[in-house]
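Numbered from 1 within each chain, the chains take letters A, B, ... in sequence-line order.
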Amino acid sequence: MTDTIEEKVYDPAVIEPKWRAKWQDAAIYKVENTTGQPNWMSLTMYPYPSGVLHVGHWFAFSIPDVFARAQRMRGYNVMYPMGFDSFGLPAENAAIKHNIHPAKWTYENIDDMTRQFDLMGAMIDWDRKVITCDPEYYKWNQWFFLKMLEKGLAYRAGGSVWWCPNDQTVLANEQVVDGNICDRCGAEVYKRDLEQWYLRITDYAQELLDGLDGLDWPERVKTMQRNWIGRSEGARLSFALEDGKTLDVFTTRPDTVFGATFMVLAPEHPYVAEITTPEQRAAVDEYVKKARTKTEIERQSTDVDRQKSGVFTGAYAINPVNDARIPIWIADYVLMTYGTGAIMAVPSGDTRDFEFARQFDLPIIPTVQPTNGEPLDGATMTEAYHGDGIVVNSGPFDGMTQSEALPKMIEWLSEQGRGQAEISWRLRDWLISRQRYWGTPIPVVYCDTCGMVPVPEDQLPVVLPLDAEFKPTGQSPLITHESFVNTTCPQCGGAARRETDTMDTFIDSSWYWFRYASPHDDTAPFDRIAAEEWNPVALYCGGIEHAILHLLYARFFTKVIRDLGMIDVDEPFSRLRNQGMILSEDGRKMSKSRGRQIGPDELVAAHGADALRLHLMFLGPWEQGGPWNDRGITGMERFIRRAYTVVEELGTTQSGAASGSDAERSLTALQHRTIKRATDQIDSFGFNTMVSALIEYVNELMKLKETDIVTSPVWRDAVETLVLLMAPATPYVAEEMWEMLGKPFSVHQQSWPVYDSALAVEATIEIPVQINGKVRDRVIVPSGATADDQLAAARALEKVVALIADKQIVKEISVPGRLVNIVIK
RNA sequence: GCGGGCGUGGCGGAAUGGCAGACGCUGCGGACUUAAACUCCGUUGGGGAGACCCGUGCGGGUUCGACUCCCGCCGCCCGCACCA
């Protein structure tokens, strides 16, 4: 009893804190901007500090950490930075609810989440952390704003925003759910007109569209951005009104202008009040009033088989091509926010116009006849025709094909001064004002003599006062903060008032990754040299929910920053990967308010962070996500224990010389095949199958450790490879095992094992032998066997001989290293 | 309506046109234990005593060979949606 060697037992509760402290003391995650190695920024969308991390966060952060660690072992100087997107509504809401200051709430959450990132074992250099609600950071939001103001990219204009009558506040679009419901209190919200600040993202529409082509991003995200940007080619046409005004419309089908039999204005169109005749006034006013109370969703939905509605204004326009007098209607299917807010209606060629015409008995004139089938007749046709065909009823263009006529028509309209080619965009300028407290103050003042004056750069930051009253009152909270609001004009020195709106928090996240390169620079948002070492970002990971807004804004900011001459980068993120969402066990979103969050702390206490990391990797394809379950986590613990046992027992075996036996060759082959699988699967984000490869490897080693091979140096090499391959996925236990192997600290500063295809080949392989495509037997052949060798071996098999004895052989297929198939009749 | 994705055991899932269900969980049987937990071994798609047969949403097709490719359906999920 006394002389038995004490067996070490895997105990994550002991080894995880031990190595966490050691890593911190040794600062092994400290990142330098330049080393001898190529830089690789492995960026993950920084979290909102909403409380503690749940397993969904771990899924989003620990798996990119695995990738980053593998990259580091593969010879890159890797930065896996982290920060906190810490301005925003939830801090205010929590503050109001719990009567705690947003700053206190935010910083407490940051502390909690930082602890959990460390628990996870994430490879984060905290010296580089970015906290966006820190004046040191948001100062540069203000600086960028001033630069954009200078370049005319920031401007102030009227606009309508969502208003919640219950909370007495304006809401961001993201805070409005189900069309018109306040996300926070459930009240019905509506739109109000307010003066707002905008950024001219539309100036970059074409480049934002074109730039997508060269990016290694999920096609889905690129498509969503293309749809959002929404480029349409067409023409702008001018219609004369009877009162002398002209009405411009945008159309993608200028070739159908001869079929325009009426016009439609959006109810909000400025002409509505001016052109409506006295007889129609009452009906029009009522319609406009009704349209305003409808939500966008109601107005735009098509699936409630809702009929078109509209009202005649009493006014007429002149069709510029044939001088036809056509009525002007208003209808809510025309949107003020797209094109010119007015359309020429061509019922024969447009489904919506067709429905409207039938509903209100307006004339329908076909302008394109399909080349096959019955000719269309405006009186009898049952749906609009969009296809190609022969142009009719169109004066000089009759007889051309539709595709021929289109460019000619634009040319002709142009010559007549009645229109020109135009490109229309769905993308709107970015509204950045928020009537909220917890955000970056917009750095301008209003002076009675000088008007709007930007705060000079050397007076930045305009600090957000911490002692403001921020409960919702119906206006920007800072308005009531006298010492903030009242200031002097930087131009004339007279009395002035500060802007009290704050910036959209998407501004913060539009450039934060540049800051990681030089997080403490107090002379500029980032140091150019340092930023160029790390940009463009090699890999960006995050949720699909940011497919449009954040990723589009970030691309926009990057281009603006480039045009400010600050960095030579066109696109911020070369490669993008989206994780799926981890749902609660019942398949719903893991929302905090509904108490469906699964916390990692208990799981780590019970199973260890390494096992939890493996479990998250193993749940399924990372890009897919799915409902959470903790059933499989015990399997991951078993795997770790087995690996631990293999390493632990190695210490007790003696090393001899390599014998060159088949067993040794076979083990080395397995080792190298595993290296290849693990490496390839990390590259392709197949973390679940990477874990499978490791498990299979350990299972084999478990069997082999009962054989003589354990005395061979080949065995030791195979075990060391196991530990290295596990290092990214299970950083704690890998470090422990590395130490058990007598290796110097740290396993995370070692090189990734190198795959050697020559060593990965077994002496012999087993291949299936099929008769008529059905497996009937297997045969062992030397691994270099030719097709003929395989076939001969297969045909020598007793079972095969019996099966083909009295049959005619039609065909024999032999694929070296794969199979043999004999087709018989 | 348009665009994209996905349908494989009890469950999560795996398969460059080449042994379907790797790997894990669960279940079952066994070893160890006074007992249990842990651990280890075996087994685990369905049918059949068995040789074998059936089986990747459904129906066709291409191929020596199809989860994989093609055509036509069905179902589910996501995005966009009266964008002129």
Side-chain angles (χ1 to χ4, degrees), chain A residues 9 218-228 230-232 234-235 237 249-254 256 260 263-264 266 297 299-303 306 308 331-335 337-346 349-353 355-356 424-427 544-545 547-548 580-581 614-615 618-621 623-624 626-639 641-642 645 677 686 688-699 702-703 706 766-778 799 809-815 817-824:
Chain A
V9 179
E219 210 46 52
R220 184 158 65 126
V221 175
K222 294 207 261 186
T223 303
M224 283 164 76
Q225 292 217 349
R226 286 190 190 105
N227 289 343
W228 185 265
R231 183 184 198 272
S232 308
L237 306 185
V249 299
F250 173 76
T251 175
T252 53
R253 291 294 302 277
T256 62
M263 304 196 74
V264 188
I297 295 287
R299 279 183 59 172
Q300 297 183 13
S301 76
T302 49
D303 52 15
R306 137 169 201 271
K308 290 266 180 295
D332 62 9
Y333 81 90
V334 174
L335 309 174
T337 50
Y338 186 79
T340 64
I343 62 161
M344 66 172 199
V346 183
D350 182 283
T351 308
R352 296 151 298 174
D353 298 345
E355 282 172 26
F356 195 84
S424 185
W425 303 89
R426 186 180 172 279
L427 183 69
I544 186 78
E545 67 273 18
I548 298 173
M581 194 186 288
L614 280 176
H615 180 59
F618 196 64
L619 272 179
E623 311 200 49
Q624 185 180 301
W628 165 257
N629 77 75
D630 58 9
R631 287 191 303 281
I633 199 166
T634 55
M636 299 301 110
E637 270 186 286
R638 283 176 197 154
F639 158 69
R641 285 216 180 83
R642 280 199 282 264
T645 303
R677 285 175 68 185
N688 54 335
T689 50
M690 185 225 172
V691 174
S692 299
L694 296 180
I695 293 172
E696 284 177 56
Y697 188 45
V698 166
N699 289 348
M702 280 296 278
K703 287 179 200 154
E706 306 305 330
E766 190 184 74
I767 58 166
V769 178
Q770 301 182 335
I771 306 292
N772 286 350
K774 292 197 161 115
V775 180
R776 288 292 181 246
D777 205 351
R778 290 154 211 288
K799 203 164 175 180
I809 292 174
V810 180
K811 195 169 184 177
E812 291 169 319
I813 292 105
S814 177
V815 182
R818 304 298 319 207
L819 57 26
V820 169
N821 185 16
I822 300 170
V823 185
I824 58 175

Review point. Checking all strands, does N699(A) fall into the base, sugar-phosphate, or nothing category for heavy-atom contacts under 4.0 angstrom?
Key: sugar-phosphate
Practice item. Give a yes or no on whether W228(A) atom CH2 has more than 12 heavy-atom contacts from other residues, nucleotides or ligands under 6.0 Å away. Key: no
Check your understanding: Between E812(A) and V820(A), does a side-chain contact (heavy atoms from CB on, under 4.5 Å) hold up when you go through it step by step?
Key -> CA-CA 8 Å; E812(A) 291 169 319; V820(A) 169; over 6 Å; no
Pairwise N/O distances under 3.5 Å, protein to nucleotides 49-56 of chain B:
unit_1: rC53(B); atom_1: OP1; unit_2: R776(A); atom_2: NH2; d: 3.2

Point to revise | Nucleic acid footprint by protein, nucleotides 12-21 of chain B - heavy-atom cut-off 4.0 Å, B for base, S for sugar-phosphate alone | key: BSS-B-BB--
Practice item. Produce a footprint string for nucleotides 36-48 of chain B: one letter per nucleotide, 5' end first; B if the base is under 4.0 Å from any protein heavy atom, S if only the sugar-phosphate is, - if neither. Key: ---SS--------
Revision key, fill the gap. Here the distance between atom P of rC64(B) and atom CD1 of I771(A), to the nearest Å, is 16 Å
List for me each residue that meets salt bridge (charged side-chain N to carboxylate O under 4.0 Å, His left out) alongside [X], sequence neighbours excluded, and say none if there are none.
X: E623(A); answer: none
X: E696(A); answer: R677(A)
X: D353(A); answer: none
X: R231(A); answer: E233(A)

Point to revise | Pairing residues for Y697(A) by the ring pair (Phe, Tyr, Trp, His ring centres under 6.0 Å) criterion, not counting sequence neighbours | key: none
Check your understanding: Who are the ring pair (Phe, Tyr, Trp, His ring centres under 6.0 Å) partners of W628(A), not counting sequence neighbours?
Key -> H615(A)
Check your understanding: Who are the side chain to side chain contact (heavy atoms under 4.5 Å, CB included) partners of R220(A), not counting sequence neighbours?
Key -> M224(A), I544(A)
Point to revise | Which atom of I771(A) lies closest to which atom of I824(A), heavy atoms considered | key: CG2-CD1, 3.6 Å
Every protein N/O lying under 3.5 Å from an N/O of nucleotides 68-70 of chain B:
none

Review point. Out of L237(A), D350(A), V346(A), which residue meets the side-chain contact (heavy atoms from CB on, under 4.5 Å) rule with T251(A)?
Key: L237(A)
Point to revise | Residue matched to rC25(B) through Watson-Crick or wobble contacts both under 3.5 angstrom | key: rG10(B)
**Study point:** Watson-Crick or G-U wobble mate for rU68(B), both contacts under 3.5 Å
**Key:** none
**Study point:** Distance between C1' atoms of rA84(B) and rC74(B) (Å, rounded)
**Key:** 35 Å
Check your understanding: With rounding to whole Å, what would you report as the distance between rG50(B) and rG4(B) at their C1' atoms?
Key -> 50 Å
Using nucleotides 2-5 of chain B, report all nitrogen or oxygen pairs with the protein that are shorter than 3.5 Å.
none

**Study point:** Chi-angle category of rG5(B) [syn within 90° of 0, anti beyond]
**Key:** anti
Review point. If you find the nucleotide of RNA chain B closest to G632(A) and the one closest to W228(A), which residue's nucleotide is nearer the 5' end?
Key: G632(A)
